[in-house]
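Order of listing sets the numbers, starting from 1, for every ligand and every atom in it. Because the structure is predicted, anything quoted here is derived from the model rather than measured.
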Amino acid sequence: MKKKSLGQRLKNLFSFAGNTEEFFEELEEMLIEADLGAQFTMELSDRLQSAGGVRSREDLQEKLREELLRELPAADPGFDRDRLNVVLVLGVNGVGKTTNLAKIAHRYKREWPGEGITLAAGDTFRAAAVEQLTLHAERLGLRIVKQTTGSDAGAVVWDALDSALARGDRLLLVDTAGRMHNKANLVQELEKIHGIIRKKAGEDVNYRKLLVVDATTGQNALRQAELFHEAVGVDGVLLTKYDSTARGGILVPLARQLGLGCVWIGSGEGYDDLERFDRERYVEDLIAP
Ligand SMILES: Nc1nc2c(ncn2[C@@H]2O[C@H](COP(=O)(O)OP(=O)(O)O)[C@@H](O)[C@H]2O)c(=O)[nH]1
Ligand SMILES: [Mg+2]
């Protein structure tokens, strides 16, 4: 069950019979609880107060809409149909990497009919990760490059890239392990995979690094993003489990502090539960009662 959304709570703010100071304290608390971040919250609150407060619910919504839109960059997948697109799918365990990688594959199978798409089972660490991706490949009728669990992820990625280039594929989706409890190993493995792709992929490859962020994890997501961004550099965000949270404001601190834009929104476990990020819709969702 979704908790009360920010929009619903904002609505109640106006039936709240407190003085101005209390009003802004309540507002700040709501914005922080929606994961919009302390920085954005304080700046917005200061601006509203120095502009003489807010007159009505409509007034507050309008100002919030404007401020939120200003924070969120427009981002697109950055794919190029004339080349091989290699997408490294990053994120900690359980955020939804494998599931959403399969959704992207499903989508491009439809959008780019006839183009070669390959999946690479780069999570060789977690038991059953290879099987999980294999199942998706079978269901979607796509090629998969894999080795057994415990093998070298770098070797899997090398083979996948080699064969995708040889076949003239247009999309190679690389799954990775997200063992957050062992940060040093995680970073080391990602740097290795990253190095292999950079070395092997020349002009004829469009390389994108997509960070998968679980909308239900709150501010932890920001710390995770920092780790991945520092290790290999992230190009865009895929926000998952948007269907299971009433918060979802995490895209604001991700944009503000790391300059990252959201490309995709995942809102379910089915193959069709993936949409291109739409700034206007996202903001309306956040603030609508
Ligand atoms: N409700 C919901 N569940 C999701 C979404 N994306 C992934 N999941 C579920 O989250 C769990 C972990 O997903 P998985 O792809 O295995 O995560 P990984 O460890 O990052 O590869 C699975 O049970 C997925 O079905 C989403 O957008 N919404
Ligand atoms: Mg996985």
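At least one heavy atom of Asp243 sits closer than 4.0 Å to an atom of ligand 1. In this structure, Ser267 has a heavy atom closer than 4.0 Å to ligand 1. Using a 4.0 angstrom heavy-atom cutoff, Ser244 counts as in contact with ligand 1.
Taking each of Val212, Asn100, Thr98 in turn, the one with a heavy atom nearest to atom 21 (O) of ligand 1 proves to be Thr98.
Using a 4.0 Å cut-off between heavy atoms, Val95 contacts ligand 1 through both its backbone and its side chain. Looking at His136 against ligand 1, nothing comes within 4.0 Å, counting heavy atoms. Using a 4.0 Å cut-off between heavy atoms, Ala129 makes no contact with ligand 1 at all.
Smallest separation of non-hydrogen atoms from Val263 and Asp76: CG1-C, 3.7 Å. The two residues Arg179 and Asn185 make their nearest non-hydrogen contact at NH1-CB, 3.6 Å. The nearest pair of heavy atoms linking Phe24 to Gly53 is CZ-CA, 3.9 Å.
Residues Ser267 and Asp273 have side chains that never bring a donor and an acceptor to within less than 3.5 angstrom of each other. Remark: the Arg223 side chain and the Asn220 side chain contain an N/O donor-acceptor pair separated by less than 3.5 Å. Side chains of Thr149 and Arg126: no donor on one and acceptor on the other come within 3.5 Å.
The closest protein non-hydrogen atom to atom 23 (O) of ligand 1 is Glu269 OE2, 3.5 Å. The shortest contact between atom 12 (C) of ligand 1 and any protein heavy atom is with Gly94 O, 3.6 Å. Summary of contacts: the protein heavy atom closest to atom 11 (C) of ligand 1 is Lys241 NZ, 4.1 Å. The protein non-hydrogen atom at the shortest distance from atom 5 (C) of ligand 1 is Gly268 O, 3.5 Å. Looking from atom 17 (O) of ligand 1 to the surrounding protein, the closest heavy atom is Gly96 N, 3.0 Å.
Clustering ILVMFWY residues whenever any of their side-chain heavy atoms sit less than 4.5 angstrom apart, transitively, puts Phe277 in the very cluster that holds Val89.
Under the 3.5 Å distance criterion, the side-chain polar atoms of Arg279 are matched with a main-chain donor or acceptor of Leu72.
Few gaps surround CZ on Arg276; more than 12 heavy atoms of other groups in view lie less than 6.0 Å from it. Crowding of Glu230 atom CD: a count of heavy atoms from other residues, nucleotides or ligands under 6.0 Å not exceeding 12.
Residue Val92 has at least one heavy-atom neighbour below 4.0 Å for each of these atoms of ligand 1: 20 (O). Proximity to Gly266 (heavy-atom distance under 4.0 Å) selects the following atoms of ligand 1: 27 (O). Close approach of ligand 1 to Lys103 is summarised as follows: ligand atoms under 4.0 Å from at least one heavy atom of the residue are 27 (O). Interface of Lys97 with ligand 1, defined as ligand atoms under 4.0 Å from a residue heavy atom, comprises 15 (O), 17 (O), 18 (P), 19 (O), 20 (O), 21 (O).
Looking at ligand 1, you'll find an N or O of Thr99 within less than 3.5 Å of one of its N or O atoms. An N or O contact shorter than 3.5 Å links Gln132 to ligand 1 by distance.
Under the 4.5 Å side-chain criterion, counting only non-hydrogen atoms from C-beta, Thr134 is in contact with Lys146.
For a distance bound of 2.8 Å, the N, O or S atoms of Thr98 include one lying that close to the Mg ion (ligand 2).
Using a cut-off of 4.0 Å between Lys/Arg side-chain N and Asp/Glu carboxylate O, Lys63 and Glu66 are scored as not salt-bridged.
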